[in-house]
Protein chains: 2
Amino acid sequence: MTSSPAARNVLRAITRESVRAHVAEVAIELYAHRGFDNVTVEEVAAAAGISTRSFHRYFPAKEDTVIGDPGPWGEFVRDEFAARPAEEPLWRSLHASFDALLRAGGKQGERQKRGLRVLTSTASLRSRHIEKHLLWEGMLTPLVEARLPGLDAALRARVIVQASIVCFDVALAAWAVAGEKRSPRELLAATFDQFDIPATAGAPVRDER
Amino acid sequence: MTSSPAARNVLRAITRESVRAHVAEVAIELYAHRGFDNVTVEEVAAAAGISTRSFHRYFPAKEDTVIGDPGPWGEFVRDEFAARPAEEPLWRSLHASFDALLRAGGKQGERQKRGLRVLTSTASLRSRHIEKHLLWEGMLTPLVEARLPGLDAALRARVIVQASIVCFDVALAAWAVAGEKRSPRELLAATFDQFDIPATAGAPVRDER
DNA sequence: ATCGCGTGTGGCAGAGACTGCCACTTTAGG
DNA sequence: CCTAAAGTGGCAGTCTCTGCCACACGCGAT
């Protein structure tokens, strides 16, 4: 019996992901102890049992060992937002979409916390992290813009979307702090509660035709 | 007549700043034409008439030719915010502080616009830019936190301050877009108007327009 | 069993950003 | 004129990341 090429590719993808996860785990362990900038790619590769050349095949950049690929998660949030009822206040739709991400985003364990702590403690990592989240902005802004009445929708959509991403980031960063008892979802609610979008939350009086 | 060592240092600082400005101008010119990533430090240094070694003495990193040092501006915003009356709604204080920055921040000319366009069109620059603005967050958050009533002031302060920085960034980015007619200050007002902070303000009183 | 093919792997060389070190020049003050 | 301090640039080296190439392995087909 010959397994189909498709099945073979699936299998390959699975092993590839497991290797990625292993390397990332080893890397974060090293970073947590000695600092991201004081650990070379060569060391991480050696500790993970692969060559530096292969390391760069699994991770285009060193920072990706900590950050990962936010693309799929961004699509998830976007789809979640698209599925929200149009009558719902905009800000609440965004809150619900990010909340869904937290619910679906896998177990939030000690491992994630360690990654986040390495992330927030290294300047270059934080910047890359934010850059990746700007990718989310590009996914969400068109949808938000379509739901905004009145003029200047593009500008306003960008501000609102970026603010929602800020809420998400701050909530997760707060969650990773040692001693924090609340869950990510509670913290997300706390950050989203800081804002109200006057143009959309109260009454959709403005026309959109 | 011997000039004091202090005066000498001042003089040196002036010439140093002028060299910096010259190099930055040449660099942005090259970036605008060929893209930030496609221009090497060696080329910029040659075009500016200095060695690559000296380039790295003037600019610790290549990106600093575009971004500059936001530290002093951050202090300005912080001091401006500290001088605001405590009874003023928080969000308006922040708006006024950033507005003061725009008023004081020097001529907003075509040169600034070109720099901003290079900045927004290059992913690595965008992230670095935001990272520098996180420095502003560190300056502003303690002051904002002190003015927040209730629990969880630290978390809420971080969200609010980061949102205000987002407003500032989006406004400036929008201003740099070709065809935009409004002034940075008008755009800043437009972005800040997107939010209301329920915990602190009654109703935002629109004063302009 | 052997061949061919696709795929993963690693070594090698090199580009590019950035740093430490050192020798050289310039400048200002004695 | 001499000296000390500061700026400059060359050189070598580190580190991240990429392109190229040879090699090994698994697998279906002959």
Side-chain angles (χ1 to χ4, degrees), chain A residues 1-24 27 30-31 34-67 69 122-125 127-128 131, chain B residues 1-24 26-27 30-31 34-67 69 118 122-125 127-128 131:
Chain A
M1 283 315 129
T2 81
S3 62
S4 75
R8 230 182 27 242
N9 285 338
V10 168
L11 207 41
R12 251 202 297 275
I14 291 176
T15 62
R16 180 180 169 82
E17 271 318 300
S18 75
V19 172
R20 266 186 68 104
H22 169 240
V23 175
L30 288 175
Y31 301 157
R34 293 165 40 205
F36 180 81
D37 293 323
N38 301 322
V39 179
T40 69
V41 168
E42 200 177 348
E43 289 174 295
V44 174
I50 60 173
S51 71
T52 70
R53 191 62 190 81
S54 290
F55 174 94
H56 278 113
R57 264 193 263 274
Y58 284 106
F59 301 96
K62 182 186 174 188
E63 304 118 359
D64 293 330
T65 49
V66 183
I67 297 176
D69 184 15
T122 311
S124 60
L125 281 180
S127 74
R128 272 298 241 271
E131 176 195 341
Chain B
M1 50 243 139
T2 85
S3 60
S4 74
R8 218 169 52 229
N9 285 337
V10 168
L11 205 42
R12 249 202 298 275
I14 290 176
T15 63
R16 180 181 170 82
E17 271 317 302
S18 75
V19 173
R20 266 185 68 102
H22 171 238
V23 174
V26 170
L30 288 175
Y31 301 157
R34 294 163 42 203
F36 180 81
D37 292 323
N38 300 322
V39 179
T40 68
V41 167
E42 199 176 350
E43 290 174 293
V44 174
I50 60 174
S51 71
T52 69
R53 191 62 190 83
S54 289
F55 174 95
H56 277 114
R57 266 193 263 274
Y58 284 105
F59 301 96
K62 184 186 173 188
E63 303 122 357
D64 294 331
T65 48
V66 183
I67 297 177
D69 185 16
V118 171
T122 310
S124 59
L125 281 179
S127 66
R128 271 302 232 269
E131 177 194 341

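A, B, ... follow the sequence lines: proteins, then strands. Residue 1 opens every chain. Just so it is clear, the model here is predicted, and its values are computed rather than measured.
When the side-chain contact (heavy atoms from CB on, under 4.5 Å) test is applied to Glu131(A), the partners found at least two apart in sequence or on another chain are Arg128(A), Ala123(B), Ser127(B). Applying the side-chain contact (heavy atoms from CB on, under 4.5 Å) rule to Ala46(A) yields no partners; only residues at least two apart in sequence or on another chain are considered. Tyr58(A) is linked by a ring-ring contact (aromatic ring centres under 6.0 Å, His included) to nothing, counting only residues two or more places apart in sequence or in another chain.
Remark: C1' of dG10(D) and CD1 of Ile50(B) are 14 Å apart, rounded to the nearest angstrom. Here dC15(D) presents its P atom at 13 Å from NE2 of His56(A), a figure rounded to the nearest Å. In this structure, the CG atom of Asp37(A) is 14 Å from the C1' atom of dT14(D), given to the nearest Å. Rounded to an integer number of Å, the gap from Arg20(A) CZ to dT9(C) P is 13 Å. The nearest whole Å value for the distance from the CG atom in Asn38(A) to the P atom in dT14(D) is 16 Å. In this structure, Phe59(B) places its CZ atom 18 Å from C1' of dT19(C), rounding to the nearest Å.
Sorted by first and then second residue, the salt bridge (charged side-chain N to carboxylate O under 4.0 Å, His left out) pairs with a member in residues 34-46 of chain A read Arg34(A)-Glu43(A); sequence neighbours excluded.
Among the nucleotides dC18(C), dT18(D), dG10(C), the one closest to any side-chain atom of Lys62(B) is dC18(C).
Although no hydrogens or angles enter the test, the distance criterion places no donor-acceptor pair under 3.5 Å between the side chain of Asn38(A) and the main chain of Gly35(A).
For dG9(D), the OP1/OP2 oxygens have a side-chain nitrogen or oxygen of Ser54(B) closer than 4.0 Å.
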Give me the distances for all protein-to-nucleotides 21-25 of chain C N/O pairs that come in under 3.5 Å?
none

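Across Thr15(A) and Ser18(A), no two heavy atoms sit closer than the pair O-OG, 2.8 Å.
Across residues 39-48 of chain A, Val39(A), Thr40(A), Val41(A) each have a non-hydrogen atom less than 4.0 Å from an atom of DNA chain D (numbered order).
The residue Tyr58(A) sits close only to the backbone: its heavy atoms come under 4.0 Å of sugar-phosphate atoms, none of a base.
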request  = Begin with the C-alpha distance, continue with both residues' side-chain angles, and end with the deciding distance and a verdict on side chain to side chain contact (heavy atoms under 4.5 Å, CB included) for Val44(B) and Thr40(B).
outcome  = CA-CA 7 Å; Val44(B) 174; Thr40(B) 68; over 6 Å; no
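Counted by atom type alone, Thr122(B) and Tyr31(B) present zero donor-acceptor pairs between their side chains at under 3.5 Å.
Counting heavy atoms from C-beta on, the side chains of Asp64(A) and Asp69(A) never come closer than 4.5 Å.
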